[in-house]
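We name chains A, B, ... by the order of the sequence lines, and we start the count at 1 in each one.
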Amino acid sequence: MQFSAEPRPLRPPLRRPRRLVRTIAAAAALATAALGLAACSSGGSSGSSKTITVWHYFSASEKAQVGLMDTYAKLFEKSNPGVTVDNVYVPYDQIQSKVTAAANAHQGPDIVVFNGAEAGTYALANTLLPIDSYLDSFADASQLSPSTIHKVEGKTYAVQGYVNLLGLWYNKDVLAKAGIANPPTTMDELTADLAKVKAAGADGITLCGLPQGQGEWQAYPWLTDAGFSYQDPSADALAKAFTTIQDWVGKGYLSKEAVTWDQTVPFQKWEAGNVAFAENGNWQIGSAKSDAKFNYGVVPMPLGPDGKVYLGGEGEGIGKYSKNPALAWKYLEQTYLSTEGQLDALKAVGSIPSRTDAAADPSIAADPLLKPFADSIAKFGASYPDPAVKPASIADLQLAVGQAWSGVIGQQSSPKDAATQLASKLAGYVS
Amino acid sequence: MSAIAVSRVTETAEGAPRRGRRRVGRSGPVAIVLQILLFVVYGIPILWIVLTSFKDSADVIGTQASFVFTPTLDAYVRAFQGQDLWPALEQSLVISASTTALVLLVAIPCAYALARVGGRMVTIALALLIVLQMMPQTATVIPLFQVFGTWGLLDSTVGVILADTALLVPFAVVLLRPFFRAVPIALEESASIDGAGIVRRFLSIVLPVARNGVATTATLVFLICWGEFLYAINFLLSPGTYPLSALLAQQVSAFGIDWPALMALSVLTSLPILILFTATYRLLREGLTVGAVK
Amino acid sequence: MTTMTDTRSTRAASPDAAPLRRRRRRRFDRRWLGVLPAAVVLGALAFYPLAQLVRMSVSAVTSATLSLDWAFVGAGNWIKGWQEGDLPHAIVNTLVFVVIVTVLGLVGGLVAAIALRRAGRMGALLLGLMVFIWALPPVVNGSVWKFLLADAGLINSVLHSVGLPSVPFLFDEHLALVSVALVNSWAIIPFNALVFRAAILGIPEEIFEAAQIDGARPAQELRYVLLPAVRPTSLVLAVLTVVYAFRSFDFIYVMTYGGPGKATNTLPFLGYLQAFVRNDYGLGASTAVLAAAFVLVLAVVYARSVRREELES
């Protein structure tokens with residue numbers, strides 16, 4: 001080393017650094033005190049039997065959903081004096097691992113509100129209590145649409161208070177500019193419309209191309225329209241659907257960037273005004289009303305006779321380690337499963353009730369935005385996830401399809417290769 | 001390296017009167033170009049964060065590349081109206097300060113030991129620490145949940161502090177060790193002649209000389225704690241006890257992200273950091289370089 | 001061990017150093033006691049999760065069996081991971097990613113530390129900004145860059161305005177990995193700069209003065225003063241940066257989710273998908289252990305080179 005001085009023995013400065021010692025001692029004291037303080041202030045557990053703890057994944061920004069949870073809490077507290085409902089928000093990314101970790105330690109909430117498609121995962125992870133006996137004694141059980149009752153290996157683990165599904169949103173102004181009178185009702189019409197829209201200088205369609213479950217959920221209508229089904233996963237049908245989509249990308253109807261879009265971004269792109277179509281859900285009604293500054297409408301997905309649309313939505317289950325499962329079921333009966341509760345959800349969020357009587361509510365048929373979704377349920381509605389898929393393989397399947405979907409949109413693989421590879425993988429996931 | 005430090009202490013011990021401030025503001029042209037580059041590369045994203053925090057959520061996508069929009073304080077108003085902000089700030093302070101103090105208490109002696117003793121054991125210990133550093137945090141959540149469940153530390157701040165401490169001790173030890181190695185052993189040896197024991201020698205000689213490293217490590221540990229949210233979200237069961245970082249992570253949801261709220265909360269979360277950093281920056285620059293041995 | 005301490009003590013050339021040396025010849029070095037608190041904390045809270053992870057990697061663990069007894073499957077998870085065909089691609093991606101992040105992160109950190117060495121208020125502000133960035137959670141930084149790099153984002157708008165075609169930063173199958181790696185380097189540079197700066201601050205001003213009196217030009221000052229002084233630090237930083245790059249998955253999660261298709265799958269992201277999306281914890285653990293094994297090799301090389309260097313010094 002250059003520039004070094006000769007080391008010399010020296011008398012180290014012993015006096016001054018005492019201050020440092022004192023600082024460290026103070027820090028240690030602080031740490032101890034802080035730990036003590038923290039121990040005292042640790043939150044009380046929500047173990048009281050008169051409290052229903054509900055874990056959900058609606059962040060404060062989803063005002064309608066959070067408002068609905070509050071409404072349900074008040075509804076139940078009013079009819080059950082002395083009971084408190086504690087709504088606890090856990091981020092979507094964390095809720096499954098947190099529920100799993102809690103169940104592993106024999107803890108957890110009374111109610112979990114989760115992505116209905118993951119019912120199998122939650123059930124297999126021993127986080128949910130089978131609710132067959134409660135459901136059997138529920139007088140209105142026959143009102144519930146079968147696709148909203150989640151069974152895994154013969155036992156029921158979750159119910160749904162409402163369903164969410166995809167439709168085809170369209171921008172009337174852009175269609176008018178391109179000389180299109182009516183929104184498409186078939187794939188051929190849609191493809192022709194996309195060409196006209198493109199020629200008129202607007203963008204064609206936005207959808208989600210993320211390589212994960214959301215991508216699979218959005219791919220499903222297009223795949224089934226091409227004749228694909230999970231009962232009999234054929235590479236030819238897949239290749240047909242993939243070819244159409246990649247063709248859209250190649251012709252500039254759909255941006256390749258869709259591979260980075262979740263379901264929200266493409267709708268915001270559409271709301272910005274220069275896109276003709278968006279494949280998106282009924283849960284966007286509120287957002288469209290507040291943010292879309294043009295004439296718009298929504299129609300069922302333009303699918304053929306084979307076409308299907310998943311009926312999604314949140315599943316509601318009882319936590320395996322709930323201290324009072326009977327009260328938890330009572331909460332579900334009086335909120336998510338009651339006519340009153342379901343109409344609250346319809347009003348607050350625009351979600352379609354799972355009860356037949358509530359779904360027949362005249363307010364749905366009268367609403368031009370809700371009606372197409374209600375029509376879709378009857379016409380294309382399919383259980384989500386597909387019953388042909390083994391419960392333990394649902395997540396594998398969603399990821400595999402999502403990745404293939406994304407690879408096709410991103411032009412990473414040819415439709416044929418993607419279809420062949422995916423079909424061989426799917427064979428192991430379906431029964 | 002060691003010789004450098006010796007020379008400095010030597011000089012001061014002899015009473016070199018003027019260890020003037022570092023001359024400030026004398027950067028060469030290359031340095032100035034680099035500084036401008038850094039300003040652009042780090043300034044633009046920050047500008048973007050701040051601008052977005054003043055946007056209306058409907059404007060975020062439409063005006064994503066533009067600086068022209070109608071500013072609104074809406075996101076900040078919402079952040080302050082929420083009841084969570086102040087308790088979260090307090091919680092963040094408690095968690096970060098306690099963890100930093102604990103980590104330093106544990107890591108300093110360990111780093112010093114690993115810097116001074118030799119042999120195969122040190123190699124093994126270092127390799128182990130690096131493997132621990134490599135553990136994905138997502139993989140530690142489930143086993144730690146079990147451990148805390150057994151110890152009754154779930155839903156308690158102490159649990160989070162302990163988890164954060166375990167997370168950061170390997171990092172701190174690995175980072176601190178070279179700073180302790182840089183302290184010449186001759187200094188300690190002469191102190192031992194004065195009859196100082198290990199502890200005293202360490203506290204009065206080694207620690208002051210290695211203070212830059214200790215202060216930097218402390219700052220980094222504090223900052224990492226401030227941003228850590230995975231443990232906080234998983235081990236704290238009641239959301240009322242979440243720290244700021246967990247509030248921030250909560251803005252991201254299944255149905256997309258409330259960009260203005262996320263960015264406004266990012267700004268609010270980072271302000272205490274910026275204040276702390278400005279304080280320690282001065283300390284690091286002047287106090288610590290000049291102070292302890294003057 | 002003895003050689004090392006002997007050399008050092010001799011070099012110290014202190015006539016009074018004998019008692020200390022004698023004490024050190026005892027069989028047990030009392031300074032090992034310093035390791036004790038760390039050993040207790042890590043033993044209680046870090047080694048158990050580590051052992052669980054390793055055990056998981058050789059067991060069949062899914063969400064269904066997580067809370068039950070895990071069946072031992074030996075190398076089954078590794079074989080499964082290999083047969084699924086995602087591993088080779090993920091390993092290549094990881095190596096590319098780690099090289100970019102490590103090189104850029106270290107060089108960028110050092111350059112930033114040197115550029116900010118003498119700067120006054122401006123330097124403080126700049127370093128403050130950088131620390132601000134580093135302290136932000138990856139989801140914020142990643143989202144910001146996702147916006148900036150989008151098709152209609154700021155960077156492409158600027159390119160457009162000067163007549164260049166837009167660049168598919170995040171959705172081209174080759175470019176996406178590089179883009180995410182660049183953002184990752186950008187995020188780690190402040191940390192490296194801060195640590196390098198601490199090492200540079202440790203250099204006494206007199207040495208710079210002496211160098212200037214000797215007529216050293218900046219390049220020489222860099223070569224003979226700064227670089228030797230930050231050498232031990234840069235070794236540690238290199239290891240920390242490699243580890244950071246090797247385990248980084250949040251930026252990929254936020255910016256590309258491994259896509260398009262599987263184009264940006266790296267080992268940690270693959271492990272995440274396997275464990276937390278597909279709920280095959282055993283498979284995910286085996287991928288995590290594999291990534292750790294890569295780092296372990298590097299760690300041993302590092303620890304040995306540190307020892308060799310320290311023996312020589």
Side-chain angles (χ1 to χ4, degrees), chain A residues 1-9 93 96-97 100-101 103-106 118 120-127 209-215 255-262 265 269 272 391-400 402-413 418 421 425, chain C residues 11-17 62-68 84-86 139 146 149-152 168-174 176 203-204 206-211 214 216 220 223-225 228-229 231 253 255-265 273-281 313:
Chain A
M1 189 162 299
Q2 322 287 310
F3 308 109
S4 61
E6 266 306 294
R8 266 168 282 176
D93 287 346
Q96 198 189 315
S97 67
T100 308
N104 239 6
H106 293 212
E118 290 165 1
T121 311
Y122 280 85
L124 290 177
N126 291 310
T127 61
L210 269 192
Q212 39 119 299
Q214 288 189 54
S255 170
K256 206 172 155 182
E257 201 180 14
V259 299
T260 67
W261 294 342
D262 55 18
V265 173
K269 294 255 174 204
S393 301
I394 287 165
D396 298 88
L397 175 130
Q398 290 181 347
L399 184 66
Q403 284 177 337
W405 176 247
S406 164
V408 168
I409 294 175
Q411 294 172 327
Q412 194 194 4
S413 40
Q421 280 175 19
K425 250 188 177 175
Chain C
R11 226 172 57 96
S14 157
D16 309 310
T62 61
S63 49
T65 54
L66 187 62
S67 53
L68 310 171
E84 283 188 350
D86 292 339
V139 56
K146 193 171 172 179
L149 295 175
D151 229 7
F169 289 106
L170 292 177
F171 49 94
D172 177 88
E173 57 174 308
H174 303 294
I203 310 172
E206 292 75 27
I207 289 180
F208 289 107
E209 279 163 14
D214 291 350
Q220 287 170 312
R223 171 135 187 239
Y224 294 112
V225 184
R231 216 187 123 104
Y253 178 88
M255 295 174 72
T256 65
Y257 204 87
K262 304 174 189 171
T264 50
N265 271 5
L273 287 182
Q274 291 167 335
F276 292 97
V277 177
R278 298 171 54 192
N279 298 299
D280 192 336
Y281 296 100
S313 69

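At a threshold of 4.5 Å between non-hydrogen side-chain atoms, the residues C:Thr62 and A:Leu124 do not count as touching.
For the set A:Ser393, A:Ala395, A:Gly407, A:Ala404, the entry with the most heavy-atom pairs within less than 4.5 Å of chain C is A:Ala395. Contact tally against chain C (heavy-atom pairs below 4.5 Å) for A:Gln398, A:Lys425, A:Lys256: the top residue is A:Lys256.
The main-chain N or O of A:Thr260 is found under 3.5 Å from a side-chain atom of C:Lys146 such that the two form a donor-acceptor pair. Formation of a donor-acceptor pair under 3.5 Å by the A:Glu257 side chain with backbone atoms of C:Asp151 is found in this model.
With a threshold of 4.5 angstrom between heavy atoms, C:Asn265 approaches chain A through side-chain atoms but not through N, CA, C or O. Heavy atoms closer than 4.5 Å to chain C are found nowhere in A:Ser413, neither backbone nor side chain.
The CD atom of A:Gln96 sits 4.5 Å away from the CG atom of C:Asn279 when rounded to the nearest 0.5 Å. To the nearest 0.5 Å, the span separating OH on C:Tyr257 from OG on A:Ser406 amounts to 11.5 Å. Between the OG1 atom in A:Thr121 and the CZ atom in C:Phe276 there is a gap of 13.5 Å [rounded to 0.5 Å]. Summarising the geometry, atom CZ belonging to C:Arg278 is positioned 14.0 Å from atom CD1 belonging to A:Ile394; distances are rounded to the nearest 0.5 Å. Considering CD of C:Glu173 and CD of A:Gln411, their distance stands at 9.5 Å, rounded to 0.5 Å.
Partners of C:Ala275 by side chain to side chain contact (heavy atoms under 4.5 Å, CB included), not counting sequence neighbours, listed by chain and number: C:Tyr281.
Across all their heavy atoms, A:Gln412 and C:Lys262 have their closest contact at OE1-N, 3.6 Å. Shortest non-hydrogen contact noted between A:Gly410 and C:Pro260 is CA-CB, 4.1 Å. When every heavy atom of A:Pro211 is checked against every heavy atom of C:Gly261, the shortest pair comes out as CB-O, 3.4 Å.
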